[in-house]
Each structure stands twice: as structure tokens, then as C-alpha cells.
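Below: one structure, written as C-alpha cells.
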Protein chains: 2
Amino acid sequence: MEINDLPKLHSDFSVDCVVFGFDKGELRILLIERAEEPFKDYLALPGNLVYDNENIDQAANRVLTELTSLNDVYMEQLYTFGDVNRHPQGRVITVAYFSLIKVKKHTLNPLSTYAKKAQWCAVADLPPLAFDHQLILEKAYKRLQNKIRYQPIGFELLPEKFTLSQLQQLYEVILEKPIDKRNFRKKILSFGLLIELDEKQKNVSHRAAKLYKFNKTRYNNLKKMGFSFEL
Amino acid sequence: MEINDLPKLHSDFSVDCVVFGFDKGELRILLIERAEEPFKDYLALPGNLVYDNENIDQAANRVLTELTSLNDVYMEQLYTFGDVNRHPQGRVITVAYFSLIKVKKHTLNPLSTYAKKAQWCAVADLPPLAFDHQLILEKAYKRLQNKIRYQPIGFELLPEKFTLSQLQQLYEVILEKPIDKRNFRKKILSFGLLIELDEKQKNVSHRAAKLYKFNKTRYNNLKKMGFSFEL
DNA sequence: ATAGGATATTGTATAAATTACACTAAGTTT
DNA sequence: AAACTTAGTGTAATTTATACAATATCCTAT
């Protein structure tokens, strides 16, 4: 595809996506390795310019679709970063998005023009990132830590069917503190938002735990009636 | 000043400010009346284009300074609105800011090129606004309603010295619900963030109430140590 | 088959926070 | 001095949060 085939660009206006996933007991984000200067070989948030004829949300969704096989993903706008010197080659204002996905449900698509490859990286142990992406990530992580306490968004990071221990571990990792098991279960079940399935974990080398599903419909109904989730 | 004397503009990139104030028992916002098309004679949020050589936050501060005699104002970025059709004359992406000011401390500056006049309007009773400013205001109002419950930002809307009844009324107006007087006082005083002054209200035709000041220094210290304000 | 290992599951007592609620005090106006 | 207006105050009942440990189930290894 030639450059002239592409839609006209706003040359100074972009989106970047902070895509969180939860896998192997760790909180991870999706990063690409840059193939070009500036910040060649650095890890960076996936991002792209915003086309003249698309909304910003659409641009962010496009970036995500290019990387993964998108499938009803949680996404919200995070913050806009526009400091004069945030990009070494001129002014680029970027709107950062915050996204939560179920790692297992998505396969990473290979290659794109500007990036070598996309990979899941543990948030706890990251190298320096390109541009001001460290700053963007920090903002996103704080948002996640706050939001998970008063909105049931943790489920977006887990498989459809999960155990209470998995859910608890997710909260512990994100909030970076241990939680009492009995109190956690009591509390989370008290909302009546979990459906207990007639099914158990498989292939574990110990007692298998019951599986649960998040009752999204019920949550949406309760929300309309002023219900508030608060862990 | 000639147009050519102005710094170079990003023609498609602006800021808009939602400036809240509290006066005569009502929550108000600062609006300007547009002097030009589009939306001539409509009320609109104060805003302006972002210069090439200034950060977005600076642009927002500039807009506010042009309107009021700025004086340590609370301001934070709210959200970025960039739908393709939000501006009838072409694509304009705007970063909205959210600001709280003490009405009494600020005098409104007269006139600017594009606006007839700035005025405080009660949020509860507004005419249709220009562009998508209604949407922006709604987002800002929700932010205020949420944030006032877990951050002591209400004080930004009151005079330095205030009574507990004034504070309570502020919360009642913003949260749109009545609050029990005794419980409110117990709770708000329990944080230890209010300094009781040796002074009372003046010129009221009934028993004068004690005046209080918000102890910002103490709040900042406590915050560092993990204290959380929550009403 | 059985013992040992791993995680799942469950309840209670105590402390803390929230809620509901009504009268007296102080100053002003008539 | 009576009437009006807002300020200021405490307690009991309920709800919610916290701290804490033993048994159940299933798998693995011997």
C-alpha cells in the first residue's frame, strides 16, 4: 500500500493505548517494539495517528484491532498528553486510552509497518519506555487501581468463567496488598453479581474450585437504580 | 493587536474550560455569550485554540486568566472531545478542563474578541449551549459529583472562611440530596482538616455561626501518609 | 490404599462506622 | 418580651468491617 492510498492524517494528533491483561498471576500490558527512530528498539505503547475522518475513539479501536483480534473489549479514554516537548521531532498531542482485555481470548497479530512485534510485558518489571509512555502508563495504572475498587471492571481481565481465588488474586495484584480470603468472598458475593456455575476447575492438582460468571446484565440494571459497587 | 502578531496556531486544536463557582446557594458555571457565528448569541464554555509553543495546561490557564483575575485556582484536565462533527466548520478537537473557583475572589474581566461577555449561570437552569458544550458540562458535573465525595475539593468553591452550614449546603447542592446536619458535622470534623477560627459570621439576622478554615497543609501531609478523605 | 500436599470452603465474635432522630442556645426582628 | 431564624449538640440502634482457623476435597506419590 502506498502512502497516498492512506486517509489524510492529522500529522500532530495521535492516540496511544494502554492495554492491560492478566496472565500467569501477573498484571501485564501490551507493548510494541519500535522498528524506527526515534526510540528505535525501545518498547512503546501501541498508538497511531488519528485520521481526519474518524472519531478519536474509533482511532483507538483501530489501533487495538490492528494488534489483536478484538472482541468486545473494555476501553475508555484516559488522559491527553500534549506537552510541547513530549515528542523529539515536533509537537504531537496524544489521547491515551485505557483498555482491559482477556488475554486468552485474543491472539496477537504479527507485525505492522512501524513496529517489530507486540508482546505482553509484566507491569511490575518494565524497561524504560519510548517517549513519555512511562508517564502515561503510570496514569493508567493509577486509574486501574482506583477504578477497580468502585466499578466491577476486574472481570474484564479474567476469563468468562473464573474461580473466586482467581478473582481475589487479581485484586491483590492490582491493589498490591493481601486481602483476607473469607472477607473477600463474603463481600464480593454480597453484591449478588456472580453466577455460581454447575462446573468446576479442570486439570488442577488439588481440590477444584467452583467456577463463577459475572452477571453483567444484572449489574447494568442495578446501576440504573443507583446501586453502587464498592469493594 | 494584529492577527499576525499572535503566536502560530494549531487551527484544529482547542481547550474549553468548565469553571464552577458557588454563589447565593447555587452551583454556577462561567459562560460567555458568543459574538460570532457559528452559534452566535448562544452561551458557550470559555475556550481558545492551543498555541504551538504552549502546553495544553498552559492554554487552559490562559483562557481562564483572560476571563478572571486568576488566583491559585483549582484546575484539572477533564476529557478530550474530538468527534468528527462536533464543530460545524471542520474538525476541532478540544481538551476540556475542569476548574473550581471562589466566586467572590474573582472579578470577571470584560470582553474579548470572540465573546460578548462572561457571566455566572446557575447550572440547574441553563439554556442550550453552543457546540457540544452541553455534553462537556454534563461530564464535568458528574466529575464534580464524584470527586467531591473522596477529595476535599469543595473548599475551592467556598470563601477562605466559611461556616459548617455553608459547607453542608454546598454538598447538598452538588450531590442533589439532603444531608443530616449532625451526622455531617460529626463526619467532616472527624477528619481534623478544619481549623475552628476565633471568629463568627457577621451581618446575619440570626445567631451567628462559627467560621472555619480548611487546613490544606495538614491535608497534604496526611495524603502522603495514605490518609483518605471520604464523605 | 493411604498418607501427604495443595487449595477450597465456611462462621463467629469484636470493633468501627453509619444512620436516625429532636431539643436547647443565641442572636435578630417586631 | 414574644416570635422568628439558624446554630449547635448526643445517643441508641443498625449496619458494616475486621480479625481470625479449622475442616473438606481432590490430587499425587508411595
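Below, chains carry the letters A, B, ... as their sequence lines are ordered, and counting in each starts from 1.
A nucleotide of DNA chain D counts as in contact with chain B when one of its atoms lies under 4.0 Å from a heavy atom; the first and last such, 5' to 3', are D:dT5 to D:dT11.
A ring-ring contact (aromatic ring centres under 6.0 Å, His included) with B:F229 holds for exactly one of B:Y150, B:F191, B:F214; it is B:F191.
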Worked check of ring-ring contact (aromatic ring centres under 6.0 Å, His included) between B:Y171 and B:F184: CA-CA 10 Å; B:Y171 274 88; B:F184 178 81; 5.7 Å; yes
Test log, rule side chain to side chain contact (heavy atoms under 4.5 Å, CB included), inputs B:L231 and B:I148: CA-CA 8 Å; B:L231 202 85; B:I148 203 174; over 6 Å; no
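Salt-bridge check for A:K24 with A:E26: failed, with every basic side-chain N at 4.0 Å or more from each acidic carboxylate O. The pair A:E66-A:R62 meets the salt-bridge criterion, with a side-chain N (NZ, NE, NH1 or NH2) lying under 4.0 Å from an Asp/Glu carboxylate O. Using a cut-off of 4.0 Å between Lys/Arg side-chain N and Asp/Glu carboxylate O, A:E160 and A:K213 are scored as not salt-bridged. B:E172 and B:K177 are not joined by a salt bridge, as no carboxylate oxygen comes within less than 4.0 angstrom of a charged side-chain nitrogen.
Nearest-nucleotide mapping onto DNA chain D: of B:A209 and A:D180, the residue sitting toward the 5' end is B:A209. Mapping B:N183 and A:H206 onto DNA chain D by nearest heavy atom places B:N183 closer to the 5' end of the strand. Sequence order on DNA chain C of the closest nucleotides to A:S205 and A:Q201 puts A:S205 first from the 5' end.
Side-chain proximity of B:R207 to C:dA8, C:dG27, C:dT9: nearest is C:dG27. Considering only the side chain of B:K200, C:dG27 comes nearest among C:dT28, C:dA8, C:dG27.
Within a heavy-atom distance below 4.0 Å of DNA chain D, no residue of residues 161-176 of chain A is found. In the region residues 184-194 of chain A, proximity to DNA chain C at under 4.0 angstrom, judged on heavy atoms, holds for A:R185, A:K186.
Side-chain contact check for B:S165 and B:R185: at least one donor-acceptor pair (N or O, by modelled atom type) lies under 3.5 Å. With hydrogens and angles left out, the side-chain atoms of B:E76 and B:Y74 include a donor and acceptor closer than 3.5 Å. Between the side chains of A:Y97 and A:N61, no donor-acceptor pair is found at a separation under 3.5 Å.
In this structure, the ring of B:F22 has its center no less than 6.0 angstrom from the ring center of B:F20.
Among the heavy atoms of the strands lying under 4.0 Å from A:K181 is at least one base atom, whether or not backbone atoms are also near.
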